[in-house]
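Any value given below was found using the heavy atoms of this structure, including those in side chains, with hydrogens, waters and symmetry copies removed. In each ligand, atom 1 is the first atom listed, and ligand 1 is the first ligand listed.
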Amino acid sequence: MGIQDELASTIQSLVQPGQGILAADESHPTIAKRFHAVGVESSEEKRREYRSLILSAPGLGEFISGVILFEETLGQKSLDNVPIPQLLESQGIVPGIKVDKGKQPLVNAPGDEITVGLDGLEDRLEIYKNAGARFAKWRDVFHISDTLPSRQAVEANAEVLARYAAVCQAMGIVPIVEPEVLIDGDHTIERCADVSEAVLREVFWALARHRVQLEHMILKPSMVTPGKENQKATPEQVAEATVRVFRRVVPAAVPGINFLSGGQTPEEATLNLNAINNLGAQPWALSFSYGRALQEPAQKAWAGNLDNGPAAQEAMLKRARLNGAARSGTYSPEMED
Ligand code: 5MM
């Protein structure tokens with residue numbers, strides 16, 4: 001299969017009605033934090049146990065089209081000794097891989113950060129592709145304050161995101177482009193809308209400069225919400241603010257927008273996605289690529305005990321199913337019972 005056909009076929013598998021993407025690509029410090037919250041010490045074996053359990057939940061492929069893995073997991077075997085990428089393919093799920101190397105302070109821009117990982121990216125992508133990855137993910141992070149993010153941060157992060165996306169496509173790997181505007185702070189929903197619009201404009205300008213094919217990428221943005229220390233907005237307010245910004249700046253050629261949950265509770269993230277999809281037809285498929293909002297209940301149910309595996313799988317499936325419904329605006333809170 002040629003590169004273009006590979007990209008088209010992966011996009012087609014990822015963007016499906018009733019399905020979304022599971023982000024299970026927490027780096028070691030992040031997964032340690034998540035495990036700590038349920039009283040588990042993070043070790044390679046515990047990470048393998050937990051991730052193997054949730055990824056082998058029977059029927060997961062009905063609601064999950066792709067899973068973003070961390071490098072370690074891509075090379076691991078499940079509890080049944082099946083390579084994880086193979087386990088996913090057997091569920092009809094496309095394996096993906098986080099390829100950024102995290103973030104660091106942006107020099108001469110106090111408070112801003114820049115995501116790193118372009119050095120050697122091509123070589124790593126080749127290894128990941130041979131291991132079974134068909135799509136990749138890179139996350140930029142933007143802090144909101146009265147003065148942040150700076151223009152420098154918006155431009156510099158958009159540039160690396162676009163360069164990453166171009167390299168991925170050249171190798172037949174679909175890039176997930178993730179500019180996350182953080183929910184931390186007491187800013188208003190209007191301030192979040194302004195920052196999100198500026199960030200997305202810059203990202204799409206950089207993608208155009210680097211000749212990224214919009215038809216062969218997925219956007220993974222944050223929703224437009226108030227800061228978590230501000231008053232909560234209703235799902236309808238979040239949906240309206242989000243769709244207004246996206247209609248202004250995201251070209252119709254982009255096939256899918258898969259939101260991150262960014263610290264929303266599992267129920268909030270489902271309600272907000274449902275409200276977004278209730279606003280009527282949009283040019284793009286509007287779905288999820290949640291990490292915490294899909295996994296939190298499963299992590300609580302597992303709590304480090306293999307005997308709780310079936311309960312963890314059930315919790316995972318439940319959130320996947322409910323978000324699958326929110327993907328078409330057919331979720332209702334009664335379905336939680
Ligand atoms: C924003 O985080 C991404 C989506 O997860 P949430 O839905 O929980 O917000 C997630 O894919 C994130 O990029 C990975 O967990 C990797 O994060 P770290 O901090 O470990 O690089």
Measuring from the heavy atoms of [X], does anything fall under 4.0 Å of ligand 1?
{"X": "Ile68", "answer": "no"}
{"X": "Glu178", "answer": "yes"}
{"X": "Gly262", "answer": "yes"}

- Message: Suppose we screen for salt bridge (charged side-chain N to carboxylate O under 4.0 Å, His left out). Which residues come up paired with Lys33, at least two apart in sequence or across chains?
- Response: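 Lys33 satisfies salt bridge (charged side-chain N to carboxylate O under 4.0 Å, His left out) with no residue once adjacent residues are dropped.
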List ligand 1 atoms under 4.0 Å from [X], heavy atoms only on the residue side.
{"X": "Thr30", "result": "18 (P), 19 (O), 20 (O)"}
{"X": "Ser27", "result": "18 (P), 20 (O), 21 (O)"}
{"X": "Arg292", "result": "6 (P), 7 (O), 8 (O), 9 (O)"}
{"X": "Ser261", "result": "6 (P), 7 (O), 8 (O), 9 (O)"}
{"X": "Lys98", "result": "16 (C), 18 (P), 21 (O)"}
{"X": "Ala23", "result": "11 (O)"}
{"X": "Tyr290", "result": "7 (O)"}

- Could you verify whether a donor N or O on one side chain and an acceptor N or O on the other, from Arg47 and Ser42, lie under 3.5 Å apart?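 Per modelled atom types, Arg47 and Ser42 side chains form a pair under 3.5 Å.
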- Query: Do Glu159 and Tyr164 have a side chain donor and acceptor closer than 3.5 Å?
  - Reply: no
- Query: Less than 6.0 Å separating the ring centroids of Phe246 and Phe259?
  - Reply: yes
- Message: Tell me the nearest of Lys103, Lys101, His28, Lys137 to atom 10 (C) of ligand 1, using heavy-atom distances.
- Response: Lys137
- Pick whichever of Lys220, Glu26, Glu180 has a heavy atom sitting closest to atom 1 (C) of ligand 1. Glu180
Using 4.0 Å as the upper bound for N to carboxylate O, is an ion pair formed by [Y] and [X]?
{"X": "Arg48", "Y": "Glu45", "value": "yes"}
{"X": "Arg124", "Y": "Glu71", "value": "no"}
{"X": "Glu178", "Y": "Lys137", "value": "yes"}
{"X": "Lys103", "Y": "Glu180", "value": "no"}

So which heavy atom in the protein is nearest [atom], and how far is it from that ligand atom?
{"atom": "atom 17 (O) of ligand 1", "answer": "Arg139 NH1, 3.7 Å"}
{"atom": "atom 5 (O) of ligand 1", "answer": "Gly291 N, 3.5 Å"}
{"atom": "atom 14 (C) of ligand 1", "answer": "Asp25 OD1, 3.2 Å"}

- Query: Which pairs count as side-chain hydrogen bond (donor to acceptor under 3.5 Å, both in side chains) when at least one residue sits in residues 280-294, sequence neighbours excluded?
  - Reply: Lys220-Ser289, Arg247-Gln282
- Item | Any donor-acceptor N/O pair, Arg201 side chain to Val250 backbone, under 3.5 Å | no
